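Contents: one structure, followed by commentary.
Both backbone and side-chain heavy atoms feed into the values below; hydrogens, waters and symmetry mates do not. Note that the coordinates shown come from a computational prediction; the quantities given were computed from them, not determined experimentally. In what follows, chains carry the letters A, B, and so on, assigned in the order in which the sequence lines appear, proteins first and then strands, with residues in each chain numbered from 1.
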Amino acid sequence: MSQQIVTRFAPSPTGYLHIGGARTALFNWLYARGRGGKFLLRIEDTDRERSTPEATAAILQGLRWLGLDWDGEAVSQFARKDRHAEVAHQMLTRGTAYKCFSTPEEIAAFRADQEAKGASYAVFQSPWRDADPATHPDAPYAIRMKAPRTGETVIEDAVQGRVTFRNDQLDDMIVLRSDGTPTYMLAVVVDDHDMGVTHVIRGDDHLNNAARQTMVYQAMGWKIPVWAHIPLIHGPDGKKLSKRHGATAVGDYQAQGYPAAGMRNYLTRLGWAHGDAELFNSAQAMEMFDLSGIGRSPARLDFKKLESTCGWHIARGEDAALLQEVEGYLAAAGRPALTGAQRDLLSRAMYCVKDRAKTFPELLEKAHFALISRPIVADEAAAKALDTVSRGILSELTPRLRNASWTKEALEPILNEMAAAHGIGFGKLAAPLRTALAGRTATPSVFDMMLVIGRDETILRLEDAAA
RNA sequence: GGCCCGUUCGUCUAUCGGUUAGGACACCAGGUUUUCAACCUGGGAAGAGGGGUUCGACUCCCCUACGGGCUGCCA
């Protein structure tokens, strides 16, 4: 009898949504959504010093942009602190935890001492572990997990395989601080249990933690979830991702004009594979995604491949959706919004620009001709195509266009005849036309441009150029 | 220092003891073309090093090197 799958993404709101975190969220989302399960969101804000509402907002915003929708309301871990404390005290009653009166100073001194002795240092062993309650001072205390000192704790990880930890390497971690607040190690377990999380898919920086958390599950007699620790993402140089690699926040990617669908596809393939599948939409990804396809070594970010993947998605995007995403990009990048007329023109131009752009700035550049208004200012290279001879040809062409029917089929012979009449190839005619219509040398086909801006505008631009 | 994880073309990866080690991006060369792209064809390009196990290892084991993670009253 299989239960419903429940996954979660549990970021700590201490900064923007990191690209690595976004991938973790994506994997959880794909796994749950592909199996009719639930994908939950929990904000791990128990660190009151570093957590900010701005960071929480940025994380939600990043997830929304990527289209990773979660079920129900985002849970604040901090809001559940009473429940965490309750569990800590249950552990006390069960004898799987104990009150520790060692002060942070004493612990720091212990560590300093160990370090001074050089070489390897032992895990901190609290003197209060087996103390008689009668000897307990009337002082603040932390609650520590009474972890087994011998034997091993085994993690069955869906990605890493079976990983064994010696218990004497693990200390009695604090589950409830002396100020009564829970630590991460306790909070995650309690929340994951209470929220019914069945699969914990997270960065492998938590692999060691899984052993300690397993002890908490065992201490409480709770069912241990399926672990899946995925390798972190590295920068193009193979080093840990950091600011100097450029974009690390997902917001940066939106501001650089990458489409969300392309990001999802690229990020899915980063560290995960399903045979030769490279390009796919989210529905297909959900179909294929599984934990066994996740690799065990860290993957590097490759912006060229990201771009290529994004180009594929833009080319296949639906015009209206692309237009909407372009507007989101403009806002994120702090660029001026489209006017109503530009929206309209861009929408009409979409068919001939979307299959040649990898990002939205590129798409906008290709659509430049549709977004500008007269007089068209030619850039240096384009201006060269407009000499006396070509101006003459343009002015000769204008009247022919007035009565032509405005389709590529009708326009093509007119332009071809014009070129033939002057003994030049079509390319020689297209160049000045391009300058007149767009002021650029790199544009969509001249026919497409004429079709998009329409007869009147075409004629006006040609007249301007011929003048 | 200790513990844990990893290492196939430049990059992402397939392979789950027997393959001419496959695909994708990137790169190079052609083609197509009205420009830029897109697109099509072809090409070069890989099992970190050393020991084992085996009839046979990229695949299994050990060692080394390198990379990463954890080692907090952070998450």
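Contact annotation for F447(A): base contact, defined as any heavy-atom pair under 4.0 Å involving a base atom. In this structure, T14(A) reaches neither bases nor backbone, as no heavy-atom distance under 4.0 Å exists between it and the strands shown. Looking at heavy-atom distances under 4.0 Å, R166(A) makes no contact with the nucleic acid at all. Among the atoms of the strands shown, base atoms are found under 4.0 Å from some heavy atom of H206(A). At a threshold of 4.0 angstrom between heavy atoms, the contacts of T164(A) are confined to the sugar-phosphate backbone, with no base atom among them. If you check every strand for non-hydrogen atoms under 4.0 Å, S102(A) touches a base. Using a 4.0 Å heavy-atom distance criterion, T443(A) is classed as a base contact. Counting any heavy atom pair closer than 4.0 Å across all strands shown, G271(A) reaches sugar-phosphate atoms only and no base atom. Within the 4.0 angstrom heavy-atom criterion, only backbone atoms of the sugar-phosphate kind lie near S297(A); the bases stay farther away. Nucleic acid contact for A431(A): none, since no nucleic acid atom lies under 4.0 Å from a heavy atom of the residue. Within 4.0 Å (heavy atoms only), P444(A) reaches at least one base atom of the nucleic acid. Here R434(A) lies in heavy-atom contact (under 4.0 Å) with a base. In this structure, V446(A) reaches the bases: a heavy-atom distance under 4.0 Å links it to at least one base atom across the strands shown. As judged by a 4.0 angstrom heavy-atom cut-off over every strand, D179(A) is placed among residues making no nucleic acid contact.
Among the nucleotides A26(B), U11(B), C5(B), the one closest to the side chain of D302(A) is U11(B). Out of C73(B), A75(B), C5(B), the shortest distance to the side chain of A142(A) is found at C73(B). Of the listed nucleotides (G22(B), U34(B), C36(B)), G22(B) has the atom at the smallest distance from the side chain of D276(A). Listed candidates were A75(B), U34(B), C73(B). Nearest to the side chain of S445(A) is U34(B). Nearest to the side-chain atoms of L232(A) among the listed nucleotides G69(B), G10(B), G6(B) stands G69(B). Minimum atom distance to the side chain of M185(A) is reached by A75(B), of the listed C25(B), C12(B), A75(B). In this structure, the nucleotide among A75(B), G68(B), G2(B) sitting nearest to the side chain of H234(A) is G68(B). Among the nucleotides A75(B), C36(B), C4(B), the one closest to the side chain of D47(A) is A75(B).
The nearest whole Å value for the distance from the CG atom in L207(A) to the P atom in C4(B) is 11 Å. Distance, E307(A) CD to A37(B) C1': 13 Å, rounded to whole Å. Atom CG in L186(A) sits about 14 Å away from atom C1' in A75(B), given to the nearest Å. Atom pair I155(A):CD1 and C70(B):P shows a separation of 16 Å (rounding to whole Å applied). In this structure, N208(A) atom CG and C70(B) atom C1' are separated by 4 Å, rounded to whole Å. R48(A) places its CZ atom 24 Å from the P atom of G72(B), with the value rounded to the nearest Å. Atoms CD (E278(A)) and P (G23(B)) sit 11 Å apart, rounded to a whole Å. One atom, CG of D191(A), and another, P of A75(B), lie 12 Å apart when rounded to the nearest Å.
Side-chain nitrogen and oxygen atoms of R269(A) include none within less than 4.0 Å of the OP1 or OP2 phosphate oxygen of U13(B). Contact between the side-chain N/O atoms of R111(A) and the OP1/OP2 oxygens of C73(B) is found at a separation under 4.0 Å. For the pair K366(A) and A38(B), the criterion of a side-chain N or O lying under 4.0 Å from OP1 or OP2 is not met. Considering only side-chain N and O atoms, S308(A) lies nowhere under 4.0 angstrom from the phosphate OP1 or OP2 of A24(B).
If you check distances only, the side chain of D204(A) never reaches the base of G69(B) with a donor-acceptor pair under 3.5 Å. One cannot find a donor-acceptor pair under 3.5 Å joining the base of C36(B) and the side-chain atoms of T441(A). Below the 3.5 angstrom threshold, one finds a donor paired with an acceptor across the side chain of K305(A) and the base of A24(B).
Only the P atoms considered, C12(B) is 34 Å distant from U53(B), to the nearest whole Å. Spacing between U20(B) and C60(B) at atom C1', rounded to whole Å, works out to 25 Å. Atom C1' of U33(B) sits at a distance of 50 Å from the matching atom of A57(B), rounded to the whole Å. With P as the reference atom, A48(B) and U41(B) are 32 Å apart, rounded to whole Å.
Across all strands shown, G10(B) forms a Watson-Crick or G-U wobble pair, both distances under 3.5 Å, with C25(B). Nucleotide G1(B) is matched to U71(B) when pairs are restricted to Watson-Crick or G-U wobble geometry with both distances under 3.5 angstrom. Shown here, G30(B) forms a base pair with C40(B); the pair counts as Watson-Crick or G-U wobble because both key distances fall under 3.5 Å. Nucleotide G47(B) forms a pair with no other nucleotide shown, judged by Watson-Crick or G-U wobble geometry with both contacts under 3.5 Å. Across all strands shown, C58(B) forms no Watson-Crick or G-U wobble pair with both key distances under 3.5 Å.
Ring to ring, F39(A) and Y31(A) are not that close: their centroids are 6.0 angstrom or more apart. Within the 6.0 Å centre-distance limit, the rings of W272(A) and F289(A) are counted as a close aromatic pair.
Of the residues listed (M215(A), R129(A), R212(A)), the one engaging D172(A) in a side chain to side chain contact (heavy atoms under 4.5 Å, CB included) is R129(A), and it is the only one. Put simply, the residue from R296(A), R202(A), H206(A) that forms a side chain to side chain donor-acceptor pair (under 3.5 Å) with H229(A) is R202(A).
The backbone N or O of R264(A) lies less than 3.5 Å from a partner atom in the side chain of T268(A), making a donor-acceptor pair. Between the S51(A) side chain and the R48(A) main chain, no donor and acceptor come within less than 3.5 Å of each other.
For the pair L291(A) and H199(A), the minimum side-chain heavy-atom distance is below 4.5 Å. With contacts defined as side-chain heavy-atom distances shorter than 4.5 Å, the pair F447(A)/C352(A) does not qualify.
Using a 4.0 Å cut-off between charged nitrogen and carboxylate oxygen, D191(A) and R8(A) do not count as a salt-bridge pair.
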